[in-house]
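Scroll down for the structure; my scribbles are underneath it.
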Amino acid sequence: MAQASSHREAPFISGQPKVDGTDLYMFRSYEPGREGFVTILANYQPFQDPQGGPNFAMFNPDALYEINIDNTGDGVEDLTFQFRFKNTSKATALTVGGKQVKIPLINSGPISGVNPASLNVRETFTVDLVRGGRRTGNRNNISITNAAGGSATFDKPVDNIGDKVFGSATGYATYAGQHIYNVNIPGCAVPGRVFVGQRKEPFFIAVGKSFDLFNLNPLGPETGGNNNDLEAKNVSTLAMEVPVSCLTNGTEPVIGAYTTASLRQGQLLDGSPATGLGKVTRTGGAWTQVSRLGMPLVNELIIGIDDKDKFNASKPKDDPVFSDYVTNPALPALIQSLFPSAPAPTNFPRTDLVTVFLKGIDGLNQPAAVKGGNGVLAEMLRLNTAVPATPTAPGAQNVLGVAGGDNSGFPNGRRPADDVVDVSLRVAMGALCVLTGTTDTLKVGCKPSDAPAGGAALTDGVRKTPANFGTTFPYLNTPIPGNFNPTAAAGTVFP
């Protein structure tokens, strides 16, 4: 196991948190009245402590953040949503002893509304939609529907500094909600929605015990009392809600998605930077991809440590270079060495893993081009948009997704409450070989006898439910405030 989902998952990106993609979620919207939409959430900047002052977790204005959509099954992006950021200082100053002196804080007083005078650093962003190749295609900006002249500049809410700054324990939720924008998407007849801002970390896992050679009981209860080591952390989210009809291509309902972050190829440090924001570095050259994330836990559980940086820089269409990590995975053998009672699968090559990670499951979320032999085997998060959302009524959504009989959940897309740690562990140990049966109903190329532990309920002992998350866009919870007291709140599961 590596650290969380894609938090610090590779040597280079562990030192570049602002462009570290942590998790990608994609699902049919289950907010009432939004059934015709797909929600996509791309999280960045892991392990944010609530006490993040004085600068807090701004996005990198020298980076390019992208959500890429493949709707033809060829492993190449057909639609790309590109996010760029800009930080502007208001140079707020106080008169001190007859001199105007700039304040050292990001705010000068309580904050309410969009871009108030008390917010000393304004963070804005733009979103472009590129149709075709993300560097060569046709680019148009996404604009706010109710803005004069259709403004294409969005304000990002500052992080949750604390209850005093926002007036009350619920003040930040009200403030952040003013930054949910209805947007015009070029080529789409129906508006979508955009939100970018800090959220409470949604991913859940027993990180510490998992790292300690699985120092937990993987065959124990699914809610075995292990700590969610990310419970008191925040994260930064790029959230979009897009009409299904704007994401799909013709009669093909399956779309694939992955999120990337790129930096300029060249960077120079200025040993004597000028006054102002962003003056320390000078960047130039081509965009160079440094982070990639589609399916959860791929770079952690599958890719060897020497190739983790290479994977982050790669494109899905080139994934055959990593095929040995999928067909002959090391993780099941490691689990068997630690827990001899859980023998690893014996079917090589692991066609079941090729199916779930590179092809999609036949009859569920496998593109027609891949099924017909004309597509490309490529790792990305796939969603069959024709499968309706399961509502959040108590007990309706199964957090084990498809394995639990809920086809609107992982690996058919991914919702916030889906327990991808437990599901991924089970799939690695051959769960699909058991589920497919002796007649290989799922067409994954194996049988139950190939996976002696494939029916085991492997778990890290941490679980959440849809009740732990929101039921409206952007679904992820209000971030933990900077005045949070971890000692007083020990054992609390924050909504």
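Residues: numbered from 1 along the sequence shown. The structure presented is a predicted model; accordingly, all values stated were derived computationally and were not measured.
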*Among all residues two or more places apart in sequence or in another chain, which pass the side chain to side chain contact (heavy atoms under 4.5 Å, CB included) test with Val434?*
none

*Please report the C-alpha distance between Val462 and Ile205 in whole Å, then the side-chain angles of each, then the deciding distance to 0.1 Å, and finally whether the side-chain contact (heavy atoms from CB on, under 4.5 Å) criterion is met.*
CA-CA 6 Å; Val462 179; Ile205 183 177; 5.9 Å; no

*Kindly say whether Phe484 contributes a backbone atom to a donor-acceptor pair with the side chain of Gln51 at under 3.5 angstrom?*
yes

Donor-acceptor pairs under 3.5 angstrom involving side-chain atoms of residues 365-380: please list them, not counting sequence neighbours.
| unit_1 | atom_1 | unit_2 | atom_2 | d |
| --- | --- | --- | --- | --- |
| Asn365 | OD1 | Ile361 | N | 2.8 |
| Asn365 | ND2 | Arg382 | O | 3.4 |
| Asn365 | ND2 | Pro411 | O | 3.0 |
| Gln366 | NE2 | Gly360 | O | 2.7 |
| Lys371 | NZ | Asp362 | OD1 | 3.3 |
| Glu379 | OE1 | Arg292 | NH2 | 3.4 |
| Glu379 | OE2 | Met295 | N | 2.6 |

*So which pairs with a foot in residues 335-351 pass salt bridge (charged side-chain N to carboxylate O under 4.0 Å, His left out), sequence neighbours left out?*
Arg350-Asp352

*asked:* Once rounded to the nearest 0.5 Å, what's the spacing between atom CG of Leu358 and atom OG1 of Thr351?
replied: 11.5 Å

*Closest heavy-atom contact between Ala344 and Pro452?*
O-CD, 4.1 Å

*asked:* Using a 3.5 Å distance criterion without hydrogens, assess whether the side chain of Asn477 forms a donor-acceptor pair with backbone atoms of Lys200.
replied: no

*In Å, rounded to the nearest 0.5 Å, how long is the span from CD1 of Ile480 to CG of Asp159?*
12.5 Å

*Can you list the residues that meet the side-chain hydrogen bond (donor to acceptor under 3.5 Å, both in side chains) rule with Arg199, with sequence neighbours excluded?*
none

*Side-chain donor/acceptor of Arg84 to backbone N/O of Asp128, under 3.5 Å*: no

*asked:* Within this structure, what is the CZ-NZ distance for the pair Phe195 and Lys156, rounded to the nearest 0.5 Å?
replied: 8.0 Å

*Provide the full list of side-chain hydrogen bond (donor to acceptor under 3.5 Å, both in side chains) pairs with a residue in residues 334-344, sequence neighbours left out, each pair given once.*
none

*How long is the gap from OH on Tyr44 to NZ on Lys18, to the nearest 0.5 Å?*
14.0 Å

*Nearest 0.5 Å please: distance from the CD atom of Gln265 over to the CH2 atom of Trp287.*
12.0 Å

_Under the ring pair (Phe, Tyr, Trp, His ring centres under 6.0 Å) definition, can you give me all pairs with a residue in residues 313-334, not counting sequence neighbours?_
Phe311-Phe322

*Distance from Ile303 atom CD1 to Asp309 atom CG, nearest 0.5 Å?*
12.0 Å

*Will you find, in the side chains of Asp422 and Thr459, an N or O donor that is under 3.5 Å from an N or O acceptor?*
yes

*Do Glu123 side-chain atoms and Phe59 backbone N/O form a donor-acceptor pair below 3.5 Å?*
yes

*Can you sort out the partners of Asp406 under side chain to side chain contact (heavy atoms under 4.5 Å, CB included), two or more places apart, ordered by chain and number?*
Thr390, Gln397, Asn398, Ser408, Arg415

*Step by step, work out the side-chain contact (heavy atoms from CB on, under 4.5 Å) result for Asn347 and Cys433.*
CA-CA 9 Å; Asn347 56 304; Cys433 298; 4.0 Å; yes

*Would you check if Val399 and Pro466 make a side-chain contact, meaning some heavy-atom pair closer than 4.5 Å?*
yes

*asked:* Any salt bridge linking Lys233 with Glu201? Criterion: basic side-chain nitrogen under 4.0 Å from a carboxylate oxygen.
replied: no

_side chain to side chain contact (heavy atoms under 4.5 Å, CB included) partners for Lys447, two or more places apart_ = Ser449, Asp450

_I'd like to know if Lys308 pairs up with Glu300 as an ion pair, taking the criterion as any Lys NZ or Arg NE/NH1/NH2 lying under 4.0 Å from an Asp or Glu carboxylate oxygen._
no

*Listed once per pair and sorted, the salt bridge (charged side-chain N to carboxylate O under 4.0 Å, His left out) pairs that draw on residues 235-247, sequence neighbours left out*: Arg34-Glu241, Arg193-Glu241

*Before giving the answer on side-chain contact (heavy atoms from CB on, under 4.5 Å), spell out for Leu383 and Asn412 the whole-Å C-alpha distance, their side-chain angles and the decisive distance to 0.1 Å.*
CA-CA 5 Å; Leu383 173 69; Asn412 184 32; 3.9 Å; yes

*N/O donor-acceptor pair under 3.5 Å between Asp440 side chain and Val444 backbone*: yes

*Short question: side chain of Thr436, backbone of Leu432 - any donor-acceptor pair under 3.5 Å?*
no

*For the side chain to side chain contact (heavy atoms under 4.5 Å, CB included) test, which of Thr39, Ile142, Val38, Val196 pairs with Met240?*
Ile142

*What pairs of residues pass the side-chain hydrogen bond (donor to acceptor under 3.5 Å, both in side chains) test when at least one of them lies in residues 57-72, not counting sequence neighbours?*
Glu66-Gln82, Glu66-Arg134, Glu66-Arg135, Glu66-Thr260, Asn68-Thr80, Asn68-Thr260, Asp70-Thr72, Thr72-Asp74, Thr72-Asp78

*Quick one: list whatever passes side-chain hydrogen bond (donor to acceptor under 3.5 Å, both in side chains) with Lys209, sequence neighbours left out.*
Asn226

*Is the number of heavy atoms from other residues, nucleotides or ligands under 6.0 Å of Leu338 CG greater than 12?*
yes

_Which residues share a salt bridge (Lys or Arg N to Asp or Glu O under 4.0 Å) with Lys359, sequence neighbours left out_ = none

*Mind checking whether Leu425 and Pro218 have side chains closer than 4.5 Å, heavy atoms only?*
no

_Please verify the inter-ring angle class for Tyr475 with Phe473; under 30° counts as parallel, over 60° as perpendicular, anything in between as tilted._
perpendicular

